[in-house]
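Just so you know, these numbers come straight off a predicted model, no measurement behind them.
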Amino acid sequence: MTRITSVALRRVLDSRGNPTVEADVLTESGGFGRAAAPSGASTGEYEAIELPPTEAIAAARRHAVPRLVDEVHAGNQREVDATLRAADGSENFSEIGANSAVAISMAAAKAGSDVLGAPLYQHLGGAFRGDNFPTPLGNVIGGGEHAKEATNIQEFLAAPVGAPSVSEAVFANAKVHARASEILDERGVPAAKGDEGAWAPPVSDAEAFEIMGEAVSDVEDELGFEIGFGLDIAASEMFEDGVYHYGDETKTTDEQIDYVAEMVDEYDLVYVEDPLDENDYEGFAELTERVGDRTLICGDDLFVTNVDRLQDGIDVGAANSILIKPNQIGTLTDAFDAVELASRNGMDAVISHRSGETEDATIAHLAVATDAPFIKTGTVQGERTAKLNELIRIADDAV
Ligand SMILES: C=C(OP(=O)(O)O)C(=O)O
Ligand SMILES: [Mg+2]
């Protein structure tokens, strides 16, 4: 029933206006799935390889499509993904591109769920998923690689941890985003938007902390439930010649650890992603030792959704959380394996979008399927609300 009968690949636009790979998978009984690859800007050094879409499509048509069509069942995700890996033959999808691989992997999952008549989160996560929902981490203020002339820290993220429902959490983040705009206005600070729709004002990180603290506490008072905030420091992007660059100022590794630990306590941060360089397992471990009992220290560029890098981190206690981005590793199977390894070791897995996105909402299902405590999706802007609205629909059981 779920035998794949065709895989079509095309170039479509992503949210930055760049081309990306979209895949359509059809099965013999008429099941259909469509998915598109996202794309990072602050990419980790160890991510799977994203090829120029035209090359990725040509290579996947040559090597992967013939092995999938009439041979593989879309309902068997491990078989689909193992076939993609075998067709590629490299460690990091450098032959067919992780962009082709992830688009096909996700489209096959959707085609499988279409035939089975089960929502994607249940097809991927099992019949009993759908009772727990992730808290959306909403990017409200940001800079780094996602916006010029803005904060050094890449993302200041609202975290409505006390929201009674996923829908109320989603709307709370939108309110924090709107309140931050008013505060910027009151301070006479003009702000454009960065790639993910966060405000990208020309302010110092210290001022961004203040604005974020005020916006979060105003909305918390208005809505009557707890809203915290977190950060994606994306520290690898700041790390050069052994020090972290904050504009003209620099911090040594010890100073960076002290700074982050102080911010965790001063602002009760619930989440800190990539506080240190992607090669600094030791620094991660030291910070986790200091503040890991009261916040999540999450590895994005550190782990790149890769079980080998995650195992290295587990061995030294480098973090208590991993960011999961399917396109960093190339298939849903690899992403699930990383989630499983993390949870077997008491770590939280946080599902994430990329700065370059499409209307694809697979990650909303992935977060529910894996029972993730958080999902990073942005706050407003169409390609971000595609995921947030899908979460609302899943919670409403209307998918
Ligand atoms: C979403 C992120 O940005 P990018 O997609 O640019 O890596 C991130 O760093 O977590
Ligand atoms: Mg990150």
Side-chain angles (χ1 to χ4, degrees), residues 40-47 139-157 180 184 187 189-192 194-196 198-213 229-292 294-304 309 312-313 316-321 323 355 376:
S42 65
T43 46
E45 190 182 333
Y46 304 101
E47 292 195 20
N139 193 354
V140 171
I141 298 174
E145 290 297 299
H146 294 171
K148 291 197 171 64
E149 311 294 330
T151 54
N152 296 298
I153 290 177
Q154 183 178 283
E155 300 167 25
F156 290 77
L157 302 153
L184 287 163
R187 293 180 178 220
V189 180
D195 286 348
E196 297 179 1
W199 302 112
V203 298
S204 65
D205 290 353
E207 194 172 356
F209 271 107
E210 261 178 48
I211 295 165
M212 197 63 196
F229 78 98
L231 307 173
D232 179 1
I233 298 180
S236 298
E237 302 295 337
M238 304 177 174
F239 192 65
E240 219 184 305
D241 301 327
V243 287
Y244 294 90
H245 292 260
Y246 288 78
D248 296 336
E249 286 172 32
T250 58
K251 292 188 200 298
T252 63
T253 296
D254 285 346
E255 287 166 346
Q256 176 81 351
I257 292 170
D258 286 345
Y259 170 63
V260 176
E262 277 162 31
M263 293 301 109
V264 166
D265 287 337
E266 189 167 341
Y267 291 98
D268 277 334
L269 299 180
V270 299
Y271 177 84
V272 182
E273 182 181 321
D274 282 350
L276 292 145
D277 179 61
E278 62 205 336
N279 292 304
D280 190 1
Y281 282 93
E282 266 175 43
F284 262 88
E286 193 180 326
L287 183 64
T288 303
E289 173 75 30
R290 271 172 70 172
V291 298
R294 51 194 181 279
T295 193
L296 287 186
I297 299 295
C298 184
D300 169 13
D301 294 347
L302 180 73
F303 296 138
V304 291
R309 290 189 62 83
D312 290 345
V316 298
N320 55 15
S321 168
L323 204 70
S355 51
K376 228 169 67 146

Report summary line: Closest heavy-atom pair, Y244 versus T252, reported as atoms and distance to 0.1 Å, is CD1-O, 4.2 Å
Report task. Might you point out which heavy atoms bring V189 and P201 nearest each other, and give the distance in Å? Result -> CG1-CB, 3.8 Å
**Report entry** Greater than 12 external heavy atoms within 6.0 Å of E282's CD
**Finding:** no
Requested in this report: Calculate, to the nearest 0.5 Å, the distance between atoms CG and CD belonging to N139 and Q154 respectively.
Outcome: 8.0 Å
**Report entry** T295 side chain to Y271 backbone, donor-acceptor under 3.5 Å
**Finding:** yes
Requested in this report: Run the salt-bridge test on K376 and E196 with the 4.0 Å N-O cut-off and return the result as yes or no.
Outcome: no
Report summary line: When rounded to the nearest 0.5 Å, the distance separating CG of D195 from CD of E145 is 9.5 Å
Requested in this report: Heavy atoms only: give me the nearest S355-A41 pair and the separation to one decimal.
Outcome: OG-N, 3.2 Å
Requested in this report: Please confirm whether the backbone N or O of I297 pairs with a side-chain atom of N320, one donor and one acceptor, at under 3.5 Å?
Outcome: yes
Query - Side-chain heavy atoms of Q256 within contact of I233, under 4.5 Å - result: yes
Requested in this report: Check G299 against A319 and note the closest heavy-atom contact, atom names and distance.
Outcome: N-CB, 4.4 Å
Report task. For G317 and T288, work out which heavy atoms get closest and say how close. Result -> O-CB, 3.8 Å
Requested in this report: Could you tell me which non-hydrogen atom of N152 sits nearest to which non-hydrogen atom of D205, and how far apart they are?
Outcome: N-OD1, 2.8 Å
Requested in this report: Using a 4.5 Å cut-off on heavy atoms from C-beta on, say whether the side chain of I211 contacts that of R187.
Outcome: yes
**Report entry** Interatomic distance, D268 atom CG to M263 atom CE [nearest 0.5 angstrom]
**Finding:** 12.5 Å
Query - Chi angles and distances behind the ring-ring contact (aromatic ring centres under 6.0 Å, His included) call for F156, Y267 - result: CA-CA 12 Å; F156 290 77; Y267 291 98; 8.9 Å; no
Query - Side chain proximity check, V243 to E249, heavy atoms < 4.5 angstrom - result: no
**Report entry** CA sep, side-chain torsions, deciding dist, call: N279, Y46, side chain to side chain contact (heavy atoms under 4.5 Å, CB included)
**Finding:** CA-CA 10 Å; N279 292 304; Y46 304 101; 2.5 Å; yes
Requested in this report: For the pair Y246 and Y259, name the ring-plane relationship: parallel under 30°, tilted 30 to 60°, perpendicular over 60°.
Outcome: perpendicular
Requested in this report: Using only heavy-atom distances, determine whether the side chains of E45 and S236 contain a donor-acceptor pair under 3.5 Å.
Outcome: no
Report summary line: Taken to the nearest 0.5 Å, the spacing of L296 CG from L269 CG works out to 11.0 Å
Query raised in the report: Are the aromatic rings of F303 and F284 close, with centres under 6.0 Å apart?
Result: no
**Report entry** Value rounded to 0.5 Å, distance of CZ in F209 from CD1 in I141
**Finding:** 10.5 Å
Report task. May I ask you to decide whether R309 forms a salt bridge with D301, counting only side-chain N to carboxylate O separations under 4.0 Å? Result -> no
Query raised in the report: In Å, rounded to the nearest 0.5 Å, how long is the span from CE of M238 to OG of S42?
Result: 10.5 Å
Report task. Given side chain to side chain contact (heavy atoms under 4.5 Å, CB included), test D258 with R290 step by step and report yes or no. Result -> CA-CA 10 Å; D258 286 345; R290 271 172 70 172; 2.8 Å; yes
Requested in this report: Please determine if D265 and R294 form a salt bridge, counting it only when a charged side-chain N lies under 4.0 Å from a carboxylate O.
Outcome: yes
